[in-house]
Asker: 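Can you keep this structure in mind? I'll have questions shortly.
Note: hydrogens, waters and symmetry copies are ignored here, and every other heavy atom, side chains too, is used. Along the sequence shown, residues carry numbers from 1. Model, not experiment: these values are computed from the prediction.
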Amino acid sequence: MAVFLCGFMGCGKSTISLSLSKAMGCACCDTDALIVEREGMSIPEIFEKKGEKYFREVESAVVEELSNYKGVAACGGGLMLNDKNAETARKNGTVVFLNVPFDECYNRIAGDKNRPIAVSKTYDELLELYNERYEKYLKNSDFKIDCDGSPMEITKLIIKTISLT
């Protein structure tokens with residue numbers, strides 16, 4: 001079974017996916033890294049040369065490819081905003097929303113040139129985006145995990161939560 005981690009940029013999907021996959025004894029991947037490898041260019045380059053719409057199409061293809069994945073997938077911040085992507089992920093695994101307060105996410109992503117959306121927006125614009133995305137993350141996930149502990153504490157909480165299903 002696949003576990004898809006979703007949430008806003010900087011919520012810790014990559015960190016938690018590594019911890020969770022180790023604890024579960026399974027594989028781990030990052031959808032953004034898969035896209036970079038597949039496209040042969042960085043995410044900012046993809047946005048610049050091919051546009052966000054193209055990037056989102058590639059994201060959808062990656063979710064389809066992960067349909068039979070047995071591991072933990074750290075999903076890009078926008079991947080689960082697409083209802084079709086979420087439906088595919090939920091049909092083939094469990095989607096976990098990593099809930100982290102905006103200011104904590106912002107402190108982690110501010111000035112990160114590998115995040116074209118974060119670099120091109122002000123604090124207020126990112127806060128607005130966070131608020132817009134929040135309800136989508138809730139709607140398109142199976143579980144919400146409040147991430148106010150260490151990566152290991154969050155990992156244990158996820159395992160406990162998904163074991164109850």
Asker: Which heavy atom in C6 sits nearest to a heavy atom in V95, and how many Å separate them?
Answerer: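 Here C6 and V95 meet closest at SG-CG1, 3.9 Å.
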
Asker: With side chains defined as the heavy atoms from C-beta onward, is the minimum distance between L34 and C29 less than 4.5 Å?
Answerer: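 Yes. Closest side-chain heavy atoms under 4.5 Å.
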
Asker: Are any non-hydrogen side-chain atoms of R56 and K53 less than 4.5 angstrom apart?
Answerer: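 No, side chains not in contact.
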
Asker: Scan residues 99-111 for pairs that pass salt bridge (Lys or Arg N to Asp or Glu O under 4.0 Å), counting only residues two or more places apart or in two chains.
Answerer: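 Only E104-R108 qualify under salt bridge (Lys or Arg N to Asp or Glu O under 4.0 Å).
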
Asker: S21: what forms a side-chain contact (heavy atoms from CB on, under 4.5 Å) with it, not counting sequence neighbours?
Answerer: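 Residues passing side-chain contact (heavy atoms from CB on, under 4.5 Å) with S21: C26, C28, V72.
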
Asker: For the residue pair L129 and I117, what are the closest heavy atoms and their distance?
Answerer: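 So the two residues come closest at CD2-CG2, 3.6 Å.
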
Asker: Who pairs with N131 by side chain to side chain donor-acceptor pair (under 3.5 Å), at least two apart in sequence or on another chain?
Answerer: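 Result, side chain to side chain donor-acceptor pair (under 3.5 Å) vs N131: none returned.
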
Asker: Give, for atom CG of L127 and atom CZ of F102, the distance between the pair rounded to the nearest 0.5 Å.
Answerer: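 Interatomic distance, L127 CG to F102 CZ, rounded to 0.5 Å: 5.0 Å.
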
Asker: Search all heavy atoms of A73 against all heavy atoms of L66 and return the closest pair with its distance.
Answerer: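 Looking at all heavy atoms of both residues, the closest pair is CB-CD1, 4.1 Å.
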
Asker: Per the ring-ring contact (aromatic ring centres under 6.0 Å, His included) rule, what does the pair list look like for residues 13-53, sequence neighbours excluded?
Answerer: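 Applying ring-ring contact (aromatic ring centres under 6.0 Å, His included) to every pair that reaches into residues 13-53, excluding sequence neighbours, yields F47-F55.
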
Asker: Would you say E87 has more than 12 foreign heavy atoms packed within less than 6.0 Å of its CD?
Answerer: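 It does not: E87 CD has 12 such atoms or fewer within range.
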
Asker: Taking only residues two or more places apart in sequence or in another chain, which ones pass side-chain contact (heavy atoms from CB on, under 4.5 Å) with S42?
Answerer: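 With sequence neighbours excluded, S42 shows a side-chain contact (heavy atoms from CB on, under 4.5 Å) to P44, E45, given in chain and number order.
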
Asker: Could you tell me which residues satisfy side-chain contact (heavy atoms from CB on, under 4.5 Å) with D83, sequence neighbours excluded, listed by chain and number?
Answerer: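 For D83 the side-chain contact (heavy atoms from CB on, under 4.5 Å) partners, ignoring immediate neighbours, are K136, K139, N140.
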
Asker: Restricting to side chain to side chain donor-acceptor pair (under 3.5 Å), what partner residues turn up for N85, sequence neighbours left out?
Answerer: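 Testing N85 for side chain to side chain donor-acceptor pair (under 3.5 Å), a comparison that skips the adjacent residues, returns S60.
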
Asker: Excluding sequence neighbours, so at least two apart, what forms side chain to side chain donor-acceptor pair (under 3.5 Å) with K156?
Answerer: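 By the side chain to side chain donor-acceptor pair (under 3.5 Å) rule, K156 matches no residue at all.
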
Asker: Would you confirm whether E39, through its side chain, and V36, through its main-chain N or O, come within 3.5 Å as a donor-acceptor pair?
Answerer: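 Not confirmed, E39 side chain does not pair with V36 backbone.
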
Asker: Does anything in residues 13-34 form a ring-ring contact (aromatic ring centres under 6.0 Å, His included)? List the pairs, not counting sequence neighbours.
Answerer: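 Not a single pair qualifies under ring-ring contact (aromatic ring centres under 6.0 Å, His included).
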
Asker: Treat each ILVMFWY residue as a node, draw an edge where side-chain heavy atoms are under 4.5 Å apart, and state whether L138 and F4 are in one component.
Answerer: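 Result: yes, single cluster for both.
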
Asker: Mind checking whether V119 and I46 sit in one hydrophobic cluster, side chains of I, L, V, M, F, W, Y counted as touching below 4.5 Å?
Answerer: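 In one cluster with V119: I46, no.
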
Asker: Any salt bridge (Lys or Arg N to Asp or Glu O under 4.0 Å) involving residues 7-31? Give me the pairs, sequence neighbours left out, ordered by first then second residue.
Answerer: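 Salt bridge (Lys or Arg N to Asp or Glu O under 4.0 Å) check on residues 7-31 returns no pairs.
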
Asker: Could you check whether R38 pairs with E65 (Lys NZ or Arg NE/NH1/NH2 to Asp/Glu carboxylate O, under 4.0 Å)?
Answerer: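 Counted as a salt bridge, because a side-chain N and a carboxylate O are separated by less than 4.0 Å.
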
Asker: Residues in ring pair (Phe, Tyr, Trp, His ring centres under 6.0 Å) with F97, at least two apart?
Answerer: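 Residues passing ring pair (Phe, Tyr, Trp, His ring centres under 6.0 Å) with F97: Y134, Y137.
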
Asker: When you group the ILVMFWY residues by side-chain heavy-atom contacts below 4.5 Å and let the links chain together, are I154 and V96 in the same group?
Answerer: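 Same cluster: V96 reaches I154 through Ile, Leu, Val, Met, Phe, Trp or Tyr contacts under 4.5 Å.
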
Asker: Quick one: are L20 and L5 in side-chain contact, heavy atoms under 4.5 Å?
Answerer: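 Yes. Closest side-chain heavy atoms under 4.5 Å.
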
Asker: What residues, two or more places apart in sequence or in another chain, satisfy side-chain contact (heavy atoms from CB on, under 4.5 Å) together with E128?
Answerer: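 E128 satisfies side-chain contact (heavy atoms from CB on, under 4.5 Å) with E132 only.
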
